[in-house]
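Throughout, protein chains are lettered first and strands after them, A, B, ... in sequence-line order, and every chain is numbered starting at 1.
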Amino acid sequence: MNECINIKTKSSVSVGQNQTGLDFRAVLNDEQYRAVSEGDGPCLVLAGAGSGKTRTVVYRVAYLIGSGVRSDEILLLTFTNKAADEMMGRISELLSGRGEVAGLWGGTFHSIANRLLRLHANRLGFSPSFTILDQDDAKAMIKTCIRESVLDSKENRFPSPAVVQSIASYAKNAMVSISSVLERRYPDFIHLEKDIVGILETYDHKKRNSNAMDFDDLLLHLYFLLSDEADIRRSVAFRFRYILVDEYQDTNALQDSIVRLIASVHGNVLAVGDDAQSIYSFRAANVRNILDFPSHFPGAKQFRLETNYRSTPEILDLANDVISRNVDQFPKQLKAVRPGSSLPRVISMPSAAAEANFIAGKIEELTKDVSIDPHEIAVLFRATHHSQALEFELMKRGLEYEYRGGLRFFERAHVKDVLAFLRLAHNFTDESAWRRVLSFQQGIGEVTSDRIFAAVLASGSLAQALLTPTIESVAGKRAAIGWRDLKEVLDGLVSADGRPADMIRSLLDSSYVSYLNAEYPNARERLEDLGQLASFADGYDSTVDFLAEVALNDALYTKGATSTARNRKNVRRIVLSTIHQSKGLEWDTVFVLHLTGSGFPNQRAFAEPGGLEEERRLFYVAVTRAKQRLFLCYPRRAGFDGGIEYPSMFITEVDKSYLDLPDEESNGVSGSVHLFADPDYDDETIELDESGEIRAVRRRLANWKKGSFLRDV
DNA sequence: GCCCGTACACTTTTT
DNA sequence: GTGTACGGGC
Ligand SMILES: Nc1ncnc2c1ncn2[C@@H]1O[C@H](COP(=O)(O)OP(=O)(O)OP(=O)(O)O)[C@@H](O)[C@H]1O
């Protein structure tokens, strides 16, 4: 996405232009141009990877603004913050100097829901300064609800807070009852329906009393606001003349309903997506939403994009072969236009460490010898722990990288502790925040935490709670030290009240620091994180805004909040990412890591109906991220016990003529450890007789242990 | 009754 | 490295 912007030159004025001065004809094909220029009413672009769907959306926004549509009448919905950021950046580049982009409503469904709910929260019985609970907060709160509930059944294996949370989440997003989620996804717990429903009712009460919403509530409450409050629906739907939704295949029932409600006045919806790239079914995403779009929006125009501009024909051939193995799909044409190059390479290595070593070496070669921009190289993986060996290797070589996936900066325990303090200063009824800060005080456990929280509520305000002696007596002797410490910290916080950054700095000067030092060997790193959090917070005057953006991970990309000093922006770094987070993006060179039979497809996927096809779509997404070079890598031994691994079925099932396989493959018997062996790294031959195999395993184990020890340091 | 140390299991994907 | 389960000790 980095070709230059076509600004009108004085001499050439083509029909494809409007007031933006952009030559739309020159940068779009005919079908794209039609979608951009004749896109009033409901429109659907259902097309394959790299066919220019996102580009269509971006230029459509530019076109609308150029045609006199006010930017605040346009709603652009995306799936991830990264995607939102990329598109907004692209649009403001296109319209540079026009300064109209600022008014555009663009972001994830959750962040748009947040903005709308802030305006109308009182209609729902919330205050507009409500707090957002992330998944971790939600789990912790549900844990309390489970503990408080008197369980009907004497079941000793009650589902964990994480499971209850995911049941609740799925039900809301799919807009179905708890019992149907249990039937479909957790049949083992069907008999616990009553208990679970009761616990979730308690959870809802607690959230209301705390003026808090979890991620799912953001969508659900927006839905209720739009469906039940006719005047608000009319004004919101009237306001947004144009709605554009990227990656529509990954919307769930709740999101789809929200789009339909917001479109209820003007009906100008541009939905863009690819059913072959639907990879969020665990979040209740449903491909039916895009496939049924024409029947939900009668008269919808459909546009076919059948040219892949992104990848070489070799990469596209492989991708088409991969996806053709899925039975359940909407057939699409996709032709390459880029010049031919080399076949995607399969790389087999004896171990995860060797795999990492190969990739790191190849990256150095590409960046130094071939002068590839490091930011045009990505390493993709199914699960975050697959990248551990590579991270280790990259650090060893001093290669900087950007990491996308797993725990985010704002989700780290110490960051969340500090945020909990800020939440309390802002709203003393925030139960989840109280529980969090009480949980790490000396002598205060769950029971004392219950008592203190009840006494705090009864006292009527934070200031009063800090003054009143009742809490001391309620807490008891053992908890006295803990409560005194906490009170001191909160006192400091209250006197620093005002800007979020000041409050964070007051915490950095409190007994919380001694707690960190006592608790964590890496306290210094954690303190550095908190220092960064403080300087990041300098950009905010409002604690509410700060907390909301941080909870939604909204602030992450645009404002450059990063975890460590080496992760500074403006440096072109290679990207390590989960495949899920790579959606919609592209790189010159892509490595896919850990393509083993047990790692990818993920074993758990087999338990779900349609799970394997979803894994294959995930592989399809990974393959189609590559523009020029693609490496498919797997270790022949991996895991904590250094067990034998076989190549993923996604490698073995495709037509061999689409892959550049290692030499040995032709001799390899299926199931042999030599399958696809790379001759360069074949020093560690595994004998198939018993003694030889044991010896080899021992050596690998020793190496692995060394690696894991160093990682911990 | 309540807290806290220790042993143990488990770790897909995201807002 | 994180969350839960259990038993000793205050
Ligand atoms: N008409 C065009 N002419 C030249 N290049 C184009 C054209 N349309 C799109 N491209 C380029 O093709 C690449 C893929 O486009 P884009 O990201 O919009 O595709 P997409 O359909 O959204 O892909 P995906 O489904 O994988 O997200 C980009 O580099 C884009 O700049």
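- The phosphate of dT14(B) (OP1 or OP2) has a side-chain N or O of T578(A) nearer than 4.0 angstrom.
- Distances shown here put every side-chain N or O of Q581(A) at or beyond 4.0 Å from the OP1 or OP2 atom of dT13(B).
- Residue-level contact check: Y280(A) touches the backbone only, with heavy atoms under 4.0 Å from sugar-phosphate atoms and none from bases.
- When distances are taken from the side chain of H580(A) to each of dT15(B), dT13(B), dT2(C), the shortest belongs to dT13(B).
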Just distance, no hydrogens or angles: give the donor-acceptor pairs under 3.5 Å from side chains in residues 437-449 of chain A, sequence neighbours left out.
| unit_1 | atom_1 | unit_2 | atom_2 | d |
| --- | --- | --- | --- | --- |
| S439(A) | OG | R436(A) | O | 2.7 |
| Q441(A) | NE2 | V437(A) | O | 2.9 |
| S449(A) | OG | R435(A) | NH1 | 3.1 |

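- The side chain of T448(A) contributes an N or O atom lying less than 4.0 Å from OP1 or OP2 of dC3(B).
- Within the nucleic acid shown, Q603(A) has no heavy atom closer than 4.0 Å to any nucleic acid atom.
- OP1 and OP2 of dC2(B) both lie 4.0 Å or more from every side-chain N or O belonging to K477(A).
- The shortest distance between the side-chain N/O atoms of R408(A) and the OP1/OP2 oxygens of dT15(B) is below 4.0 Å.
- Note on T384(A): a side-chain N or O is less than 4.0 Å away from OP1 or OP2 of dT13(B).
- The shortest distance between the side-chain N/O atoms of R478(A) and the OP1/OP2 oxygens of dG1(B) is not below 4.0 Å.
- Of the candidates dT4(C), dT13(B), dT15(B), dT13(B) carries the atom nearest the F282(A) side chain, counting heavy atoms from C-beta on.
- A salt bridge links R412(A) to D529(A): one of the charged nitrogens lies within less than 4.0 Å of a carboxylate oxygen.
- Rounded to whole Å, the distance from CZ on F409(A) to P on dT14(B) is 19 Å.
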Quiz item: Pairing of DNA chain C as dot-bracket, 5' to 3': ( ) intra-strand, [ ] crossing, | other strand, . unpaired, with Watson-Crick or G-U pairs under 3.5 Å?
Solution: .|||||||||
